[in-house]
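Reviewing the structure listed below.
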Protein chains: 2
Amino acid sequence: MNKKRIYIADDHQIIIDGLKGLIIGLDEFSLCGEANDIEKAASDLASLKPDLAIIDIRMPNSTEGLKLLQWAVKNKISTRIVMLSMHQDLRLLQDAKNWGAKGYLLKNTGKEELFYALRHIAEGGTYFFEIPANDLQTEIVFTPKELEIIKLVIAGCSSSDISHKLGISDETVKVHRRNIRNKTGASNMAELLIRLNEIGYTF
Amino acid sequence: MNKKRIYIADDHQIIIDGLKGLIIGLDEFSLCGEANDIEKAASDLASLKPDLAIIDIRMPNSTEGLKLLQWAVKNKISTRIVMLSMHQDLRLLQDAKNWGAKGYLLKNTGKEELFYALRHIAEGGTYFFEIPANDLQTEIVFTPKELEIIKLVIAGCSSSDISHKLGISDETVKVHRRNIRNKTGASNMAELLIRLNEIGYTF
DNA sequence: CAAAATATACCCATTTTTGGGTATTTTCTA
DNA sequence: TAGAAAATACCCAAAAATGGGTATATTTTG
C-alpha cells in the first residue's frame, strides 16, 4: 500500500510538531514537509506535490492561508487541501469551500475527528466542520472596496488616513465604514475590531 | 524510574492532542490529564497533583490562563507550571514569571526546545523563552483600574458605558483611557485594540 | 440591454473621542 | 509617617465618529 503524503503549513511550530506526532502513528499517511509561512509552503506544494496539505487559514505577514489555497487552485496543484482554523466562522468556511478546499477543521477538533477527516479526504471525499445552527451567523459579504477599507481599519487608520491612502473622499470612506459597521452589527470602532476578529481577521 | 506526570490545559484540542503525541514518545514523562477550560484544569490540578502542567496563557471566557497560574500559586499547588503563549511579549512573560510559572514557551517553539524545557523544568529548573533584544518592548505596566477598564474596552464599551458600569465619572474613564492609549502608543480606539491584541489581550 | 449592486460624495446634527490642562483625595510603599 | 503613585473629576477646544438623509455615476450581472 502506498502511503498518502501529507504536507503541513502553520505558523505555530508546536502545532506542526503536534500534528506530525499524531500522523506518524497512522499507517496510511507519511509526512513530506512543513512550512511556517506561505511562501515556503507554495514552493513546496509545487515541487513536492503532496497528496494532502493541512494549512492554517491564518498565517503571519497578514497574508492569509486562504491566499495559499487560492494560489494552489490557480496553479492547478493537485494536492487536496484542508484548512485549519481557530474560528467557527461560516464566512471563512465558505470562502475555503468556494476556493476549492477539501476540508475545514477547527483547531479544537480532537484527533479522532482529525483522523476521520484526513482519511475521508484522502479517499476523495470532503470534510467540512458542521457549524451548529445556533451559531449560524448570517454570512457577512463585504464588497471589494469594503475589504480594502477593512484592511486599513485593522491597520489602525482613521477615516481621513484611509481617504488619503485610497485617494477618495473622506465622506465616501465614512459611508463604507458605516456600511461595514452595519453589516457586522458594531456600533463603534472598538466593537468593529472585535467583530472582525471573531470573523477571522488578524491584526 | 518514576515518570513525571504532565497535565495539559489548552482551549485548542488539536494542540493538546499534538502535545500528547509528542510527549507519549518520551520515556521520562506520562500524561495524567487535560482540560479545555480553566475550571476543569483547576479542579484537576487540585485532585491529580501533576508534577508538571502546560497551560495556555490564553483561555476562553476571557478568563486568562494567568488566572489559573495565580489560583494554583495561591492554593499552594505543587505542580510546576509552564505557560504556553502565542505572543513574544515581555509583559506576559514577566507576569508569568512573577506569578511563579516555571517556564514560558511560544507556540511556535519546536519540539526539541519543548522537550529540553520540560526536562529542565521537571528537574527543578526554569525555562523562559529569550525574547530577542530588538523585540524588547518597554514593558507596559497597567494599574489595577486601568486593567479593569481595559477589560470593558475589549468588550466594546464606550466611555459612558464604562462609567456607568464602574460607577465613576465619565471624565475619569476618559483619563484612564487616555493613559492607557499613551502607554500603548495608540492614538485611537482601533489602534488601541490592535496594540492590546499584540500584547496578548483576547477579545 | 435593463436592473441591481457598488462606489462615489455630499447634506445635516449629535455624540464621542482626542489632547491638553489643573486639582483633590485615596492608597500604596519605602 | 512622608512621599509617590493612583484614582478621582473637572476645565477647555478641536477633531473624529456616529446616524440619518439624498443623489449620481459606474460596474456587475441576469
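Letters A, B, ... mirror the listed sequences (proteins, then strands); counts begin at 1.
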> Quick one: ring-ring contact (aromatic ring centres under 6.0 Å, His included) partners of H164(B), sequence neighbours excluded?
Replying inline: none
> Given Y127(B), which of K102(B), E113(B), R119(B), H120(B) fulfils the side-chain hydrogen bond (donor to acceptor under 3.5 Å, both in side chains) condition?
Replying inline: E113(B)
>> I'd like the 5' and 3' limits of the part of DNA chain D contacted by chain A, with heavy-atom contacts below 4.0 Å.
In response: dA17(D) to dG21(D)
> Under a 4.0 Å heavy-atom cut-off, which of residues 164-188 of chain B touch DNA chain D?
Replying inline: I168(B), S169(B), E171(B), T172(B), V175(B), H176(B)
> For the helix from dA9(C)-dT22(D) to dA30(C)-dT1(D), what angle lies between the axis at the first five pairs and the axis at the last five pairs, to 10 degrees?
Replying inline: 60°
> Taking only residues two or more places apart in sequence, or in another chain, which ones meet E146(B) in a side-chain contact (heavy atoms from CB on, under 4.5 Å)?
Replying inline: F142(B), T143(B), H176(B), N179(B), I180(B), K183(B)
> In chain order, what residues pass the side-chain hydrogen bond (donor to acceptor under 3.5 Å, both in side chains) check against R178(A), with sequence neighbours excluded?
Replying inline: none
> Roughly, in whole Å, what's the span from CG in D161(A) to P in dT17(C)?
Replying inline: 18 Å
>> Determine whether E148(B) and K151(B) satisfy the following criterion, salt bridge (charged side-chain N to carboxylate O under 4.0 Å, His left out), listing intermediate values before the conclusion.
In response: CA-CA 5 Å; E148(B) 258 187 280; K151(B) 265 190 201 171; over 6 Å; no
>> Angle between ring planes, F203(A) versus F203(B), binned at 30° and 60°: parallel, tilted or perpendicular?
In response: parallel
> Ion pair present between R195(B) and E198(B), side-chain N to carboxylate O less than 4.0 angstrom?
Replying inline: yes
> Got a sec: does the NZ of K20(A) have more than 12 other heavy atoms crowding it under 6.0 Å?
Replying inline: yes
> F29(A) pairs by side chain to side chain contact (heavy atoms under 4.5 Å, CB included) with which of D51(A), I23(A), L22(A)?
Replying inline: I23(A)
> Is the shortest distance from a Lys or Arg side-chain nitrogen in K174(A) or E171(A) to a carboxylate oxygen in the other one below 4.0 Å?
Replying inline: yes
> In whole angstrom, what separates K145(B)'s NZ from dC28(C)'s P?
Replying inline: 12 Å
